[in-house]
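Have a look at the structure below, then the notes.
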Amino acid sequence: MPSTITTPAPRTISCSGGREIVLAGKPLVMGVLNLTPDSFSDGGLWLDPERAVERGLQMVGSGADLLDLGAESTRPGGGIYGGGAAHVPVEEELRRLLPVLERLRGEVEVPISVDTRKGEVASAALAAGADLVNDISALSDPELARVVAESGCPVVLMHSRGELAEMQRAIHFDDLLAEVVGELGSAVERAVGARVSRRQIFVDPGIGFGKTPLQNLLLLRHLDALHTLGCPVLVGASRKSFIGHLTGAPADDRLGGSLAAIGWAAAHGAAMVRVHDVAATRQFLDVWEAIDRAKEDHE
Ligand code: HH2
């Protein structure tokens with residue numbers, strides 16, 4: 001029987017600080033650390049820097065390949081989250097982020113990503129030892145594009161449309177896949193035009209950002225279409241509201257649904273999955289990969 005699994009091409013991506021992101025076979029696990037009072041599934045849990053550092057260490061101990069530190073919630077407005085996340089000024093984002101980033105940098109070797117839309121925040125985070133930038137707005141801040149280009153760090157460009165506060169209102173795609181792939185492709189070209197190296201770019205379909213529950217399912221179902229962009233694909237489906245829509249489960253109780261999405265993403269060539277539940281995801285992917293390998297070994 002032919003394998004139904006898409007495996008991304010092995011590849012090493014260098015971070016500005018000398019660390020490497022090695023893509024080979026199963027997806028890497030990026031552990032989410034939200035240093036916010038209002039994130040959709042864990043807001044307020046890791047606001048205290050001591051607890052946040054502990055949480056980061058715990059995720060690395062559980063097998064996270066990278067950490068993603070975010071100090072501004074980006075839950076979209078206009079749908080189930082009402083008006084969406086509050087705007088966070090640069091000073092506040094840095095006040096939440098830097099003490100935790102600095103402590104973790106001193107204690108873990110895995111690459112640390114900063115989840116921000118702002119050039120000033122990324123610049124300070126990279127200076128404090130962050131290795132890559134994760135931007136849900138795909139470098140809409142020209143200053144962020146400049147910082148990423150100058151540092152040479154890897155960057156995640158995520159698909160979304162419109163302003164966060166209104167994103168879940170009047171969602172319309174004529175051709176979902178073609179438009180998401182096309183708009184992500186334009187984001188890649190804009191980044192390259194701003195002197196970001198193509199080799200440093202990850203793309204992400206933006207599950208939950210300006211999409212209906214069905215559109216989120218379709219984007220996962222047709223994840224392979226993103227490979228035409230030639231960039232490794234990151235998927236952030238963990239605990240997202242489409243799982244709640246399907247199952248009725250609250251945001252902090254969506255592990256089963258998250259693992260289903262992760263399994264699908266893994267089988268369709270995702271290079272990285274962004275998750276809140278690192279230990280369960282690690283176990284899931286280790287067994288998933290062992291099953292795939294056992295088949296090949298036997299053939
Ligand atoms: N999703 C969230 C935040 N950042 N980054 C990427 N690349 N892809 C995603 O799907 C993604 C992301 C939302 O999740 P979370 O950080 O848990 O929530 P909040 O934005 O409310 O802090």
Side-chain angles (χ1 to χ4, degrees), residues 21 27-47 52 55-56 59 66-77 79-88 92-93 96-97 111-118 121-122 132-140 144 148 154-161 164-165 167-168 180 184 187-188 191 201-211 215-216 219-220 223 226 231-244 250-252 254-255 258 261-262 265 270-278 281:
I21 301 173
L28 298 180
V29 175
M30 171 184 258
V32 178
L33 185 50
N34 282 323
L35 313 169
T36 62
D38 56 347
S39 287
F40 79 93
S41 78
D42 56 357
L45 284 182
W46 321 113
L47 251 190
R55 171 75 171 172
M59 286 198 286
L66 302 91
L67 292 178
D68 187 37
L69 272 53
E72 178 187 44
S73 168
T74 51
R75 69 186 189 288
I80 59 166
Y81 302 121
H87 171 75
V88 179
E92 175 61 12
E93 203 174 325
R96 296 175 186 171
L97 178 68
I112 298 180
S113 155
V114 57
D115 183 349
T116 188
R117 296 179 286 162
K118 303 186 187 87
V121 173
L132 65 151
V133 171
N134 172 25
D135 179 15
I136 62 128
S137 76
L139 299 183
S140 60
L144 182 50
V148 168
V155 62
V156 180
L157 304 180
M158 195 198 78
H159 179 271
S160 68
R161 265 185 187 176
L164 265 186
M167 206 168 265
Q168 291 304 111
V180 169
L184 264 180
V188 170
I201 299 175
F202 287 79
V203 292
D204 179 332
I207 301 295
F209 287 87
K211 283 105 187 173
Q215 288 166 348
N216 290 314
L219 283 174
L220 288 166
L223 196 63
L226 266 67
C231 300
V233 175
L234 184 152
V235 173
S238 177
R239 299 185 182 177
K240 292 268 167 92
S241 64
F242 75 95
I243 301 169
D252 61 355
R254 294 178 182 162
L255 178 57
S258 301
I262 287 162
M272 201 182 295
V273 288
R274 181 181 180 277
V275 306
H276 302 83
D277 301 286
V278 168
T281 302

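Read the numbers this way: they start at 1 and go in the same order the structure lists the ligands and their atoms. In this chain, residues are counted from 1 in sequence order. Any value given below was found using the heavy atoms of this structure, including those in side chains, with hydrogens, waters and symmetry copies removed. Bear in mind the structure is a predicted one, so any value in this text is a computation, not a measurement.
Contact annotation for Met158 and ligand 1: only side-chain heavy atoms (C-beta onward) come within less than 4.0 Å of the ligand. When heavy-atom distances to ligand 1 are checked against a 4.0 Å cut-off, Thr74 comes that close through both its backbone and its side chain.
With respect to atom 6 (C) of ligand 1, the closest heavy atom belonging to the protein is Asp204 OD2, 3.2 Å. In terms of protein heavy atoms, atom 5 (N) of ligand 1 is closest to Asn134 ND2, 3.1 Å. Asp115 OD2, 2.9 Å is the protein heavy atom nearest to atom 4 (N) of ligand 1. Remark: minimum distance from atom 1 (N) of ligand 1 to any protein heavy atom is reached at Lys240 NZ, 3.1 Å. In this structure, atom 18 (O) of ligand 1 lies nearest to the protein heavy atom Phe40 CD2, 3.2 Å. Among protein heavy atoms, the minimum distance from atom 22 (O) of ligand 1 is reached at Ser39 OG, 2.5 Å.
Between Asp252 atom CG and Leu45 atom CG the span is 8.5 Å, to the nearest 0.5 Å. Rounded to the nearest 0.5 angstrom, Asp115 CG and Leu67 CG are separated by 12.5 Å.
Side-chain contact between Ser258 and Val275: absent, with no pair of heavy atoms (C-beta onward) separated by less than 4.5 Å. Between Arg239 and Asp42, some side-chain heavy-atom pair lies under the 4.5 Å cut-off.
Numbered from 1 in the order shown, with element, the atoms of ligand 1 that lie under 4.0 Å from a heavy atom of Ser73 read 19 (P), 20 (O), 21 (O), 22 (O). Close approach to Arg75 involves these atoms of ligand 1, each under 4.0 Å from a residue heavy atom: 20 (O), 21 (O). Within ligand 1, the atoms closer than 4.0 Å to a non-hydrogen atom of Ile136 are 4 (N), 5 (N), 12 (C), numbered from 1 in the order shown. Set against the non-hydrogen atoms of Val156, the atoms of ligand 1 under 4.0 Å away are 7 (N).
Electrostatic pairing of Arg274 and Asp204 does not count as a salt bridge here, judged by no charged N lying under 4.0 Å from a carboxylate O.
Each of Leu184, Leu157, Val148, Leu139 was compared with Ile201 under the side-chain contact (heavy atoms from CB on, under 4.5 Å) criterion, and only Leu157 meets it.
The shortest heavy-atom contact between Ile136 and Phe209 is CD1-CE2, 3.9 Å. Considering all non-hydrogen atoms of both residues, Asp135 and Ser140 come closest at OD2-N, 4.0 Å.
Closest heavy-atom approach to atom 11 (C) of ligand 1 within the set His276, Arg117, Arg274: this belongs to Arg274.
Side-chain atoms of Asn216 come within 3.5 Å of backbone N or O of Gly208 as a donor-acceptor pair.
Within the structure, the closest approach of Phe209 to ligand 1 falls below 4.0 Å when heavy atoms are considered.
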